[in-house]
Amino acid sequence: MNVLNFPAIQSDFYLQDTVTVAKRLIGQVLLHESPYGVIAGRIVETEAYVTGDPANHASRGMTRRNSAMFGPPGRAYVYMIHTRWCLNAVTQPEGVGEAVLIRALEPILGLDIMAELRKKTNPRDFCSGPGKLTQAMAISGEHNHADLTSGTIRILEFEEVDNIIQTTRVGIKHAADRPLRFYSREDAKWVSKR
DNA sequence: AGAGCGATGGCCT
DNA sequence: GGCCATCGCTCTA
């Protein structure tokens, strides 16, 4: 199988309820045709950030940093936290600030590139966290607003995952009790722990 | 498993 | 100028 032939998920998908998008992104493939070569991983962990949610960057209105969240669906919202980049897929129509944070991947393509970028040898250290996977996938601030439905960074239709665990989100202060984190039970070994 | 800490940029006062 | 964050690493046990 050649992932490059898989169809990219189109913007209608990202117009579904953000929680639904977060669940259904599990099992799909994040691809980057990067300057280093083709890199890809299967999404195994996500979090939803919705309207009225104090943990959502968009909850206090639009700023320059979070503007991508208010843009069209299917774009990337990439921001920096504590020296690391994090990748979100923007959901909902333009003007609504919601997104899904991609938290972990199962590496599937370009493992040698990931090893080099991450300076790690164990594949479990490549993409088991939001800041790790952007480094492994060569994604950074320059990719903010990038179109994930076509272009060099895409999310591809791959498979549906049934056994999805729903728990609380990681590393947030506000609304920490809301169960808006999702991960694939079968792929728990690739998931971020903290 | 759990605590401590480095580190950068955005945003508000 | 200061606060704080969708984090990762290392050290201890």
Side-chain angles (χ1 to χ4, degrees), chain A residues 14 17-26 28 30 41 43-71 73-92 96-107 113-146 148 153 155 164-184 188-194:
Chain A
Y14 299 99
D17 174 70
T18 299
V19 168
T20 304
V21 175
K23 282 187 210 165
R24 294 192 61 193
L25 277 178
I26 307 263
Q28 315 312 324
L30 177 66
I43 299 169
V44 296
E45 181 186 1
T46 60
E47 285 178 358
Y49 287 86
V50 299
T51 301
D53 170 9
N56 184 347
H57 286 173
S59 68
R60 285 166 295 279
M62 184 160 71
T63 63
R64 208 152 60 85
R65 177 216 204 187
N66 67 19
S67 65
M69 292 191 74
F70 294 90
R75 303 285 182 90
Y77 167 44
V78 183
Y79 71 92
M80 174 169 274
I81 177 106
H82 288 90
T83 76
R84 304 283 165 162
W85 297 104
C86 293
L87 170 68
N88 294 249
V90 174
T91 61
Q92 305 307 304
V96 181
E98 302 196 9
V100 173
L101 171 67
I102 314 292
R103 284 196 58 90
L105 309 171
E106 173 193 358
I113 301 170
M114 290 186 180
E116 197 168 325
L117 292 173
R118 287 279 302 136
K119 306 195 190 314
K120 299 280 177 188
T121 52
N122 186 342
R124 289 187 56 174
D125 296 327
F126 293 171
C127 300
S128 54
K132 298 181 191 177
L133 73 89
T134 52
Q135 188 180 14
M137 296 283 301
I139 293 170
S140 64
E142 70 193 275
H143 303 112
N144 194 23
H145 298 278
L148 300 173
I153 301 176
I155 298 179
I164 292 176
I165 310 289
Q166 177 166 6
T167 53
T168 52
R169 294 175 292 185
V170 176
I172 55 168
K173 290 234 172 84
H174 296 291
D177 55 327
R178 295 190 70 175
L180 293 174
R181 175 189 182 214
F182 304 92
Y183 65 89
S184 162
K189 62 176 289 200
W190 300 109
V191 165
S192 71
K193 274 292 196 283
R194 50 176 259 104

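Everything numeric here is computed off the predicted structure, so don't read it as measured data.
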Rounded interatomic separation in angstrom, taking CG from A:Asn66 and C1' from B:dG9: 14 Å
Exercise: identify the closest heavy-atom pair between A:Met80 and A:Arg65: O-NH2, 4.1 Å
Spacing between A:Leu133 atom CG and C:dC7 atom P, to the nearest angstrom: 11 Å
Atom-to-atom span, CZ of A:Arg65 to C1' of B:dT8 - whole angstrom: 11 Å
Closest-nucleotide ordering on DNA chain C, the 5'-leading residue of A:Ile81 and A:Pro130: A:Ile81
Any A:Thr63 side-chain N or O less than 4.0 Å from OP1/OP2 of B:dG10: no
Side chain of A:Arg103 - closest among B:dT8, C:dC9, C:dC7: C:dC7
Touch class at under 4.0 angstrom, heavy-atom based, for A:Leu101 against every strand present: base
Whole-Å distance separating the NE2 atom of A:His82 from the P atom of B:dC11: 16 Å
Interatomic spacing from OG in A:Ser59 to CE in A:Met69 - rounded to 0.5 Å: 9.0 Å
Sugar-phosphate only, base, or nothing, as touched by A:Ala55 at under 4.0 Å among non-hydrogen atoms: base
Sugar-phosphate, base or nothing in reach of A:Arg118, heavy atoms under 4.0 Å: sugar-phosphate
Between A:Gln135 and A:Arg84, a side-chain donor and acceptor under 3.5 Å: yes
Nearest-neighbour nucleotide for the A:Lys173 side chain, C:dG8, C:dA5, C:dC7 considered: C:dA5
Residue A:Arg64, side-chain heavy atoms: nucleotide from B:dA7, B:dC11, C:dG8 that is nearest: B:dC11
A:Trp85 CH2 - C:dA5 P separation (whole Å): 18 Å
Spacing between A:Arg84 atom CZ and B:dG6 atom P, to the nearest angstrom: 15 Å
A:Phe126 CZ to C:dC7 P, straight-line distance once rounded to whole Å: 21 Å
Separation of C:dA5 C1' from A:Arg169 CZ (nearest whole Å): 14 Å
Pairing partner of B:dG10 (Watson-Crick or G-U wobble, both distances under 3.5 Å): C:dC3
Under 3.5 Å donor-acceptor, A:Thr134 side chain and A:Trp85 backbone: yes
Check: A:Asn88 side chain, A:Ala99 main-chain N or O, donor-acceptor pair, under 3.5 Å: no
Given B:dG10, C:dC9, C:dA5, the nucleotide with the shortest approach to the side chain of A:Lys132: C:dC9
Sugar-phosphate, base or nothing in reach of A:Lys120, heavy atoms under 4.0 Å: sugar-phosphate
First of A:Gln135 and A:Tyr79 reached from the 5' end of DNA chain C, by closest nucleotide: A:Tyr79
